[in-house]
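A quick note: this is a predicted structure, and the numbers were derived from the prediction, not measured. Residue numbers start from 1 in every chain, and the chains themselves are labelled A, B, ... in the order their sequence lines are given, proteins ahead of strands.
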Amino acid sequence: MTFPLLPRSQWMRAIAAADEARVVALAARLASDLQATPSAPPRAGLALLRLRESVMLDTFYLGEIPVASARVSLLAPDGRRVEGGAIVLDDSGDLAVALAVLDGVLAHDLPGARDVEGLLREGQAEIDGVARVRGAMLARTRVDFSLMAEVGNGDDA
Amino acid sequence: MSYVAIRGGAEAIAQSNRLLDAVRALGGDQASIEVEMIERQMPILHGRVLSEGGLYHPTLAALALKQSLGDPLEAAFMLRAYRSTQPRLATTPIHDTSRMRLIRRISAAFKDIPGGQMLGPTPDYLQRLFRFDLIEEDRTMFTSLAREWLGNLPDDAVPATFPKVIDALRAEGLLAPASPQDAEPFDITRAPLVFPVPRSAALATMARGETGGLLALAYSNMRGYGDVHPTVGELRVGYLPILLPHPATGELIEAGEVLITECEIVAMYEDTGNGGKPTLTLGYGACFGHNEVKAIAMAILDRSMQAGITHGPRNPSEDPEFVLLHVDGIESMGFCTHYKMPHYITFQSDLDRLRTTQKKHAQKAEEKFHAR
């Protein structure tokens, strides 16, 4: 498997699905090691969810969702400062900061990137497990409402 | 209407608030119900609070239900109150529900739909007979439910996303052509409804409307005060991935997912009015959580209000003002329950007027008697 195992657009979802206590602990350690500083204050609040309905293709707001986001600057071993960022459906700015640290470490292959990748794998395995259960919900309840005239008196096959 | 401030009762009110909390624990030595239990074991009730509160915050919705002793209206009110304290950080890009990761998908219009029909979790085919064994359900029995269901999961891969049924109808020319409209939607959280309102305001109002209110008005149309005659083209329940821009790169990333229910109803066909061929008419409903009654009722009301806008309202469910001003659970519950609060001055005024009127009435009767 190549490093990292997912495109960056999927990292937040995967890491956020891993054990939160371990995510926060790893981020705290790496933030200290890499002298993390906020590029902008972390923010927590709401976002309007804009949806395109499917009959007349109008857009409307379905409701609001909690959103937390953060941007951090990390000191790379070569002396450069690089950035990480995170935005997640949550109301904790602290969690967003932790995720931003891990995002920056992974994006720039900084020391600790393999540890972050471990969390990524753990989270992705969680997501895969949920997807498998959802797939089973569909597969086990697939229905064929055949007309009586077509199948006689028997039940579904 | 005027209100007069009252004094006194502070101690009684404080005790009442404490009692409301203590009621949960009185009369037994049970453990406190955990918030996660509400979210997981009462997902339908929980979803109702999510949608009527207008805020997809699963943990707070469950907490609100716990705190309100299971009252969905009060719980939704708490979510609304909470959301009003939070800053607005963003508006998401336009999301398309064709990306939903489904757990249920049915059509009443066609038995064969692209990708097939999947019942998912539904009470539709239950006989509504009690299962008394659940009264004695212990932890072992409960955990074995999931373990047994999860055993031998099928290996055959089922796609998580499916094409829309109405796309096939549109491709066949049975629906009026539609092109994407990207006008900024009406934000009902920031602006009052002043009629006429755009369709985006109607959809947003119904999306956080009260399930029973929407159902009652849609039912009036079903029973005869209207003529939508709906067929459910497609009803789907699933998780919509939420895409937001990465704070550092600007690239859209998946920030999480929300459970939604979506329904498209197909109604009677109509002439397009511009010389084109007749086409089927449609209605749309969607809401947070798993709430099929709400999504179907909303779709019927969307269709009925469109008919009312086109032809003039012929019944209550076709009148956007009537529908949209009466489906919000927080507003209607608030107005209803405010009648419990002290109205001593206004009621005394009513009594004063009645006594004066009775006195005049008696005087007139006496004068009439003496005039004979």
Can you tell me how far [atom2] of [Y] sits from [atom1] of [X], rounded to the nearest 0.5 angstrom?
X: Thr59(A); Y: Ile94(B); atom1: OG1; atom2: CD1; value: 5.0 Å
X: Leu51(A); Y: Ser200(B); atom1: CG; atom2: OG; value: 12.0 Å
X: Asp112(B); Y: Asp144(A); atom1: CG; atom2: CG; value: 6.5 Å
X: Met118(B); Y: Met137(A); atom1: CE; atom2: CE; value: 13.0 Å
X: His246(B); Y: Met12(A); atom1: NE2; atom2: CE; value: 5.5 Å

Test item: [X] and [Y] side chains (from C-beta on) under 4.5 Å apart, heavy atoms:
X: Leu48(A); Y: Thr92(B); result: no
X: Thr91(B); Y: Tyr61(A); result: yes
X: Leu55(B); Y: Ile65(A); result: no
X: Ile253(B); Y: Arg8(A); result: no

Side chain, backbone, both or neither: which part of [X] has a heavy atom under 4.5 Å from chain A?
X: Ile260(B); value: side chain
X: Ile242(B); value: side chain
X: Leu240(B); value: side chain
X: Phe162(B); value: side chain
X: Pro241(B); value: neither
X: Pro245(B); value: backbone
X: Gln117(B); value: both
X: Thr189(B); value: side chain

Taking side chain as everything from C-beta outward and backbone as N, CA, C, O, which of these in [X] sits under 4.5 Å from a heavy atom of chain B? Side chain, backbone, both or neither.
X: Ala96(A); answer: neither
X: Ala70(A); answer: backbone
X: Asp103(A); answer: side chain
X: Ala16(A); answer: neither

Using a cut-off of under 4.5 Å on heavy-atom pairs, state which of [options] scores highest against chain A.
options: Leu102(B), Thr59(B), Leu50(B), Leu252(B); answer: Leu102(B)
options: Arg104(B), Met206(B), Gln86(B), Arg101(B); answer: Arg101(B)
options: Ile265(B), Leu175(B), Leu244(B); answer: Leu244(B)
options: Ala160(B), Gly116(B), Pro93(B); answer: Pro93(B)
options: Gln306(B), Arg83(B), Glu251(B), Arg208(B); answer: Arg83(B)
options: Gly54(B), Gly256(B), Ala299(B), Ser51(B); answer: Gly54(B)

For [X], I'd like to know if atom [atom1] has over 12 heavy atoms of other residues, nucleotides or ligands within 6.0 Å.
X: Glu20(A); atom1: CD; value: no
X: Arg81(A); atom1: CZ; value: yes
X: Asp124(B); atom1: CG; value: yes

Identify the two heavy atoms, one from [X] and one from [Y], that lie closest to each other, and give their separation to 0.1 Å.
X: Tyr239(B); Y: Arg134(A); value: CD1-CZ, 3.3 Å
X: Gly151(B); Y: Arg140(A); value: O-NH2, 2.9 Å
X: Ala139(A); Y: Val158(B); value: CB-CG2, 3.5 Å
X: Pro247(B); Y: Gly85(A); value: CD-C, 4.2 Å
X: Val55(A); Y: Arg170(B); value: O-NH2, 3.1 Å

- Message: Given the ring of Phe60(A), does Arg199(B) sit roughly above its face, with NZ or CZ under 6.0 Å from the centre of the six-membered ring and within 45° of the axis?
- Response: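 Checked: cation-pi criterion not met.
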- Top contributor to chain B interface from Ala107(A), Ala40(A), Ala44(A), Ala100(A) [non-hydrogen pairs under 4.5 Å]: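 Looking at each option in turn, the highest pair count goes to Ala44(A).
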- Task: Against chain B, work out which of Val133(A), Ile87(A), Val88(A) has the most heavy-atom pairs shorter than 4.5 Å and name it.
- Result: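 Ranked by contacts with chain B, first place is Ile87(A).
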- Task: For Thr141(A) and Gly120(B), indicate whether the former's side chain and the latter's backbone hold a donor-acceptor pair under 3.5 Å.
- Result: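 Side chain of Thr141(A) to backbone of Gly120(B), a donor-acceptor pair under 3.5 Å: yes, one is there.
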- Task: Determine which residues belonging to residues 177-187 of chain B lie within contact range of chain A, meaning some heavy atom pair is under 4.5 Å apart, and list them by number or answer 'none'.
- Result: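 So the qualifying residues are Ala178(B), Ser179(B), Pro180(B), Gln181(B), Asp182(B), Ala183(B), Glu184(B), Pro185(B), Phe186(B), Asp187(B).
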- Task: Carefully, step by step, assess Leu49(A) and Phe288(B) under the rule side chain to side chain contact (heavy atoms under 4.5 Å, CB included).
- Result: CA-CA 11 Å; Leu49(A) 174 53; Phe288(B) 287 145; 3.9 Å; yes
- Start with the C-alpha gap between Glu53(A) and Lys164(B), add the side-chain angles, then the distance that decides, and say whether salt bridge (charged side-chain N to carboxylate O under 4.0 Å, His left out) holds. CA-CA 12 Å; Glu53(A) 57 83 22; Lys164(B) 292 261 186 167; over 6 Å; no
- Could you walk me through whether Ser54(A) and Glu264(B) pass the side chain to side chain donor-acceptor pair (under 3.5 Å) check? CA-CA 8 Å; Ser54(A) 43; Glu264(B) 291 127 4; 2.3 Å; yes
- Item | Electrostatic pair Arg52(A):Glu262(B) at N-O distance under 4.0 angstrom |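 No salt bridge links Arg52(A) with Glu262(B).
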